[in-house]
Q: 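To start, I am sharing the structure in question, which I have written as structure tokens.
Note on naming: letters A, B, ... go to the chains in the order of the sequence lines (proteins, then strands), and numbering restarts at 1 for each one.
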Amino acid sequence: MRQRFETLIDALLPVIATLAALAVGALMLLALKVNPIEAYAALWDGAFGSTNALAETLVKATPLLLVALGICISFRGDVINIGGEGQMIIGAVLATWVGLTFTGLPGWLVITLAMVAGFTGGAVWGGVPGVLKAYFNVNEILSTVMMNAIAVQLMNFLLRGPMIDPSQAQLASKIPQTARLEDAFHLARLAPTRLHLGALIAVILAILVYILLWRTTLGFRIRAVGQSPFASRYAGIKVPRYMVLALLLSGAFAGLAGAVQVYGVNYRMITDGSASGFTGSAGFNGIVAALFGQLHPLWSIPASILFGALLVGANSMQRMVQVPSALITVLNGLVVVFVVSSEIWRRRRQRRRMAAAPEAESPSKPDQAQVRKEAKS
Amino acid sequence: MITDLLSTTVLIGILASGIRLATPYLYAAIGETFGQKSGVLNLGVEGQMLLGCFAAFYVAYTTGNLWLGLLAAMFVGALMGLAMAFVTVNLHAQQGISGIGFYLFGLGMSELLFQRLMGTVETVKGFPKIYIPGLSDIPGLGEIFFNQNILVYGAYLLVPLAWFVLNKTTLGLKIRAVGENPDAADSLGVNVARVRYFTIILGGTLSGIAGASLSIALLNVFQQNMTSGLGFIAVALVYFGGWKPVGVLGGALLFSMVNSLQLWIQVLGIPVPSDIAVMMPYVLTILVLVATVSRVRSPSALSKPFERES
Amino acid sequence: MTDPTNKLPSGRTRIDSLEMRGITKRFPGVLASDHVDFDVQSGEVHALLGENGAGKSTLMKILYGLYHPDEGEVLLNGKPVSIASPNDSINLGIGMIHQHFMLVPSLTIAENVALGLPSSRGLLTDLDQVSKRIVELADIYGLRIDPSLYVWQLSVGQQQRVEIIKALYRGAALLILDEPTAVLTPQEVDELFVIMRQMVKDGHALIFISHKLHEVVEISNRVTVLRDGRKIGTRPTSEITKQDLANWMVGREVGFAPDRGNVECGEARLELKNVSCGSDRGTPGLRGVSMEVCSGEILGIAGVSGNGQRELAETIAGLRKVIGGQVILEGKDVTGLSPAALTDRMLSYIPEERMRDGVIKEFTVAENMILREHEKMPYSRMGFLNLGEISRHADELIKKFQVKTPSRETHAKNLSGGNIQKVVLAREIYRTPRVIIAAQPTRGLDIGATEYVRERLLEQRRNGVAIMLISEDLDEILALSDRIAVLYEGRIMDIVPREQATPQKLGLLMAGVHLEENASVVK
Amino acid sequence: GAPATEAPVVEPVATDAVATEAPATEAAPVEPFRVAVVMPSAINDLAFSQSMYDALMRIQEEKGGPEAFEIVYSENMFVVDDAAAAIRDYASQGFNLVIAHGSQYGSSLQEIAPDFPETSFAWGTTAETFGQPNIFAYEAASQEGGYVNGVLAATLSQSGTIGVVGPIEVGDAKLYVDGFKAGVLATNPDAVVNVNYIGSFSDVALASEAATTHISAGADALTGTAQMVVGAIGKAEESGAMWFGTQSNQSSLAPTIVVSSQVYHWEVALREMLALIEAGTLGGQSFKANLANGGEVIEFNPDYDLSDDAKALADTTVQGIIDGTITITLP
Ligand SMILES: Nc1ncnc2c1ncn2[C@@H]1O[C@H](COP(=O)(O)OP(=O)(O)OP(=O)(O)O)[C@@H](O)[C@H]1O
Ligand SMILES: Nc1ncnc2c1ncn2[C@@H]1O[C@H](COP(=O)(O)OP(=O)(O)OP(=O)(O)O)[C@@H](O)[C@H]1O
Ligand SMILES: [Mg+2]
Ligand SMILES: [Mg+2]
């Protein structure tokens, strides 16, 4: 009972931190001569106020969660994946290509193939930095940042030329987009809203990733390599291979997120020339969501929803009270900073609790700070 | 047409442009090098740069004094650094993620202030090119090296200076020790928190200057999100440079020269799709690292909060 | 105690007395220090004794300002002082040689020493001067060391010397030495004791921690024994024997001479033929080593640290690339096989750096227990871990090997060094290996644990396992081995049957002296 | 899958439940005409988004201020998906006209518009209405102004080398650049037009470097399109090269070197749309802003000392395009 209460407070900490950030935001709103109560009411309504709003929040949370799942894997393997943006794009490109090529096949088959294609595309785009890191000692932060830029240009190139919507190819304006996917290929809607099957897929995958990390030898190895490459090598684990695998899987989930965006939301690929135009920055924000969720696949679910709600709600706030979009970005930044800063209290509480009852320490809720530590010397 | 690339005009153009373009990368990446050397990964460079960009521009625009503008950028960068230091050093917040938070904050804040205080895009007269009699007139070399503004020279002076501080001073020794084994440094009475505060604030200040070098020296305008990912590239260049100022310099020059090269490829009408040309610097940066299989290790304590066990 | 001026030769003020009162420290699940009183006077060596995990290091870290006590106070010359950080303790004249080295591997020795000290050149480092002073100190105290070397290039023994130099350089009035002798050779220990005696004579106060009772008896004036965080008592060393100390510490009789029994040597299980490999320092590690280890035999490998022991162990375990020669396991050539393949051929390895290689610190005890065989039945099936079986296995091993841990779910990093070693040992022995490579298996262990580990090794020997025991502790080598090989600069100097081995003979071999050439010296 | 049909269709005039701009004072009995616009960049970008924002402000003034003509906007909606959410939300709030100001929004609009048959949507820049009765389309013939700028540039250039700084080779930017090229080559077939697409709408530094590259390659006249060109204009000014602007009037940035700017006056298209909406037609037509209808205007920089000959040439070119004697052939 007490245990559950403690867990509840832990879970609420990010929410409390978010509220604190919004309180700071309220001061800025006042400075802009906007009524903060009205503004935040709009934010709440926009995120949770109606079935539709809730659905939008979940739609936003879906790619975040998928990316976050990949991040859980790679960060636990001690490889940093900042390449989610590029991996989403490549996954989406491949998935779109499948949908535009195999037009004769039944919908379920094409969707399955497309998801596999997205997964594969992301895996390739994540696997390359993995190989570069494991076998060429190229730092993955550097290579994933670079691979993002390359993916964007590749997308622009493809959508302007080889993959352009045939109807646009005729026009002078040549909007860089692919043709629209056949209706039969769209991911099913879960309610009469934009909420689509992708959300369900993401939640199921969260459970699978949990199982992967803590119930399989593969997960055991990825975590072992992440914690101590030395001990892992000694234990007979091929360290480079699992480094690559961690990044590859991480990329694969991001790629899947890209595919789901195309098949569940946009029904085509379209570029404004930047990565975030397509991804909505889910490739970055997914990292934030995963860390909010303490790199735990299941905790990443509420974390993604929280973050999705914030993004959707903030846009709605912009519309309702006409605050500049820049303020929304500031608020976002504040929330991220406040939430990571609140971690320390969660850790302190956890330590205090462990001092009281040592058994409380469970392998399935690891401490985030510990995750990144590795053998000294 | 490919042979056109070898003409002196193009070569001089590429070199001069590479040297100029490298300036903001250098300031930001050297600042980041100090942070990472002491074990702090700051992904908020872009946000610090943007705020520095705006502060420099706004102050220079309203007061007409470029130096005040530069000071303002340094101050704002330092302030961002201070906040980052508090969050990562005292609150042990996950560094990468708080950096992303500060990036978003800087991105939004610079734009918000721009909208409120300026309203529209304006220009200032930035730091002028410095004409060095004799040297600036040397054909080719003069154009490349001696026809730049003061912040460009500053960036290049920063490289040996940073090397000197890191390798020849007691402070540098502390920074390196704190980034490798903060427990050991702590056990010798080195104040780990203070060292990290110093490097993070220094990093912020330099990012601020990087921003100023764009808004009041190289471009002389401010526009929302005008750094456009430059800060993230700067962070990547620290890895490229293997945490050495000279390596960072090499990376910055390589990246910006290839960027300039791709502009020339387009200008000379070499038939490469523009998107593919734009990709070049990114691809090449990776390839160079692959080819030079370096064995540099990152500072052991990088991105790990330091906390005495109890 | 002799100098009335209150100054030490280094110019520091003497610490006449230091007293810790009622110190209490709790860690998650552990009461590491339970109302402990402890004091030390100028001009004495006060030894602190206790089993692994008794709370010795914790108490000292509190004194040095690394931990904050939950309760209790520290009095310096009778006056209460607050020690919030190492900075405070350094300013008070307290120095500490840490059990787990506090060195920065990427810096040179000189830089490690200079770190945190004011420089004679103001803001610039004065490494030349520091180096000069290090060489002087090293000369005075007989610790040969090149200050321009990087710490990562040093063997563990050399690193220990750097720790000592660091402390000497700073000239603390009160010096805490937390297991400084664990990795030193007997000669080096003697040298250290000479230094310590000189310091005591000069009026320093020393606190000395060691698991080697003869050292404690030899060097200390008083002994304090801790058990499970509580102080058992303090006595003058003169009133107490080694055996008393052992009983007092462990709370039961401890046997000193393990019974080796007589075991028939069987077939050769492990053979090395002219094996060569490199080292981390870029120099050759092994240069054409040939030997064989038979079933039912313990082959001791003696040598000063840094002469190829680590490379030897790692080469056999498949962790280091073989440049030339062959490694043969039970008649089959296993040169170049991966650690996983060797695991499958029932080679067990107790690594020297247990904290780095032996366990994953952030993994639970249970997970560490299956580290080697996590993908094998019954711990996993078709790629899925069998958590029930893993827990059962962990509980069994914890019980069988008497691992002191709050639970099987405790992270390995929270166990004491001795218990971590038990985890490794349990894992490596339980799987009924054919060959065991044991590198420094009792380093840093208390006498109880040491005895336990040695008994387990002998038990394996009785079971017919071939054991290679790599140790810098000559007593251990002599107590356990059937034959003794001496490594020097990557070569086997000689392989001596135990009956013919004496410490002197081995000592010469370890120093690289060929016995034929120096037959006169030996006799 | 079937398109979403859940969202309530609100009578455009009936709603006042929404807390946006303060509703008209009690004294004014008439409900204001409500317009929402979704834009990819900031309203003050001195380029694409600002051109629409300015046009709406001018219309508001004509219509009698915020009481009669309410404008709300969502700026920086570069995330296509967010823009879609905004469009849908505005529609469900009962705005009379929802403008999707960005060609990348079309696909979303196609999904949304059928759900709100009472709401009028406008999509630019394109000619495509998807055959929907409630979608207007608008586009600018940016190649026309580009052509005029090109003619001027070719005439004024001494070196015969002209540089163009573009963002990404698509849409409005590509039209303008192609038109500009055509104008230059029609005037001086020997002229060299160097084009640089920098792969980004926001990279001011690279745009500036692109301009420097052009200048090093001998260009003495430059042009460029999208918001990042502010970096290029500065470089042109430094070296004294001429600048030709588009989308908004860019003279203020460099009064000494900006020769002319093609300025969009979307109000031309907007006025027609509004008239149709009032008459009950909610869409189905497409509008062009061009030189002929005043939707595009070539504005000269008063501070630039442009010869009368050149001005005359520009005017005749404009006239030629308007009356069809000049045809612009795009690649
Ligand atoms: N930072 C820590 N966190 C949690 N538990 C700790 C920590 N440090 C020590 N402990 C625990 O406190 C107890 C005392 O540890 P300590 O290191 O003081 O033992 P010790 O007497 O020095 O043993 P050894 O002889 O192995 O060095 C042990 O049970 C250990 O597991
Ligand atoms: N930073 C380091 N660099 C190199 N070697 C180290 C370092 N820290 C510890 N070691 C060595 O690694 C080995 C691991 O043993 P460790 O010292 O951790 O056990 P221990 O704590 O002495 O055992 P116990 O606590 O039971 O007495 C030892 O040989 C130790 O000297
Ligand atoms: Mg200890
Ligand atoms: Mg210990």
Side-chain angles (χ1 to χ4, degrees), chain A residues 38 41-42 46 51-53 55-56 59-60 149 152-153 156 159-160 165 167-168 171-177 180 183-189 191-194 196 261 265-268 270-274 276-281 311-312 315-316 318-322 324-326 328-329, chain D residues 1-8 18-21 36 38 40 42-43 72-86 88-90 92-93 102-108 110-111 125-128 139 141 143 167-175 178 197 199-202 226 330:
Chain A
E38 212 174 283
T51 326
N52 218 9
E56 287 299 322
V59 167
K60 197 74 171 174
V152 173
Q153 297 307 327
N156 290 345
L159 298 199
R160 284 200 306 113
D165 186 349
S167 69
Q168 283 297 330
L171 301 174
S173 59
K174 290 201 177 35
I175 297 172
Q177 62 182 25
R180 193 168 183 275
D183 284 356
F185 297 168
H186 300 178
L187 284 176
R189 292 270 161 86
T193 57
R194 289 212 305 162
H196 54 81
Q261 280 305 87
V265 181
N266 296 330
Y267 305 138
R268 60 156 44 111
I270 187 162
T271 177
D272 75 328
S274 71
S276 46
F278 168 68
T279 63
S281 295
L311 294 173
V312 169
N315 273 334
S316 139
Q318 189 202 351
R319 291 194 291 275
M320 302 297 277
V321 294
Q322 291 285 285
S325 75
I328 308 290
T329 316
Chain D
T5 49
E6 180 267 354
V18 187
T20 49
E21 302 275 294
V38 178
I43 54 165
V72 300
Y73 63 86
S74 289
E75 60 177 345
N76 281 329
M77 287 283 117
F78 51 86
V79 180
V80 174
D81 192 24
D82 289 347
R88 182 175 285 278
D89 191 47
Y90 284 132
S92 61
Q93 284 179 37
S103 54
Q104 65 266 43
Y105 304 149
S107 175
S108 315
Q110 193 180 0
E111 312 278 335
T125 55
T126 178
E128 170 83 76
E139 65 180 337
Q143 71 276 18
I168 292 167
E169 216 173 333
V170 297
D172 186 68
K174 186 169 161 51
L175 272 185
D178 290 342
Y197 284 103
S200 159
F201 282 93
S202 58
L330 298 175

Q: Heavy-atom cut-off 4.5 Å, strictly under: side chain, backbone, both or neither for Ser107(D) against chain A?
A: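 Both backbone and side chain.
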Q: With a 4.5 angstrom heavy-atom cut-off, is it the side chain or the backbone of Tyr267(A) that approaches chain D, or both, or neither?
A: side chain
Q: Which atoms of Gln143(D) are under 4.5 Å from chain A, going by heavy atoms: the side chain, the backbone, both sets, or neither?
A: neither
Q: Can you tell which of Ala149(A), Ala42(A), Ser276(A) has the highest number of heavy-atom pairs within less than 4.5 Å of chain D?
A: Ser276(A)
Q: A side-chain contact here means heavy atoms from C-beta on lying under 4.5 Å apart; do Glu139(D) and Glu128(D) qualify?
A: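 Side chain of Glu139(D) against side chain of Glu128(D), heavy atoms only: no contact under 4.5 Å found.
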Q: Which answer fits Ser200(D), side chain, backbone, both or neither, if we ask what part of it has an atom under 4.5 Å from a heavy atom of chain A?
A: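 Neither part; nothing is under 4.5 Å.
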Q: Is Asn315(A) in contact with chain D via its backbone, its side chain, both, or neither, using a 4.5 Å heavy-atom distance?
A: side chain
Q: Within the 4.5 Å heavy-atom criterion, are Arg319(A) and Val72(D) side-chain neighbours or not?
A: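 No, their side chains stay 4.5 Å or more apart.
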Q: Which pair of heavy atoms, one from Ser325(A) and one from Gln318(A), lies closest together, and at what distance?
A: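 Shortest heavy-atom separation between Ser325(A) and Gln318(A) comes out as CB-NE2, 3.7 Å.
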Q: Is it true that Asp82(D) and Lys60(A) make a salt bridge, defined as a side-chain N closer than 4.0 Å to a carboxylate O?
A: yes
Q: Just so I know, are the side chains of Gln104(D) and Gln177(A) near enough to count as touching, which here means a heavy-atom distance under 4.5 Å?
A: no
Q: I'd like to know which of Glu169(D), Gln110(D), Met77(D), Lys174(D) tops the heavy-atom pair count under 4.5 Å against chain A.
A: Glu169(D)
Q: Output the option from Ala85(D), Ala86(D), Gly106(D) having the highest count of non-hydrogen pairs under 4.5 Å with chain A.
A: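 Option with the top pair count is Ala86(D).
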Q: Does any non-hydrogen side-chain atom of Leu175(D) lie less than 4.5 Å from one of Leu330(D)?
A: yes
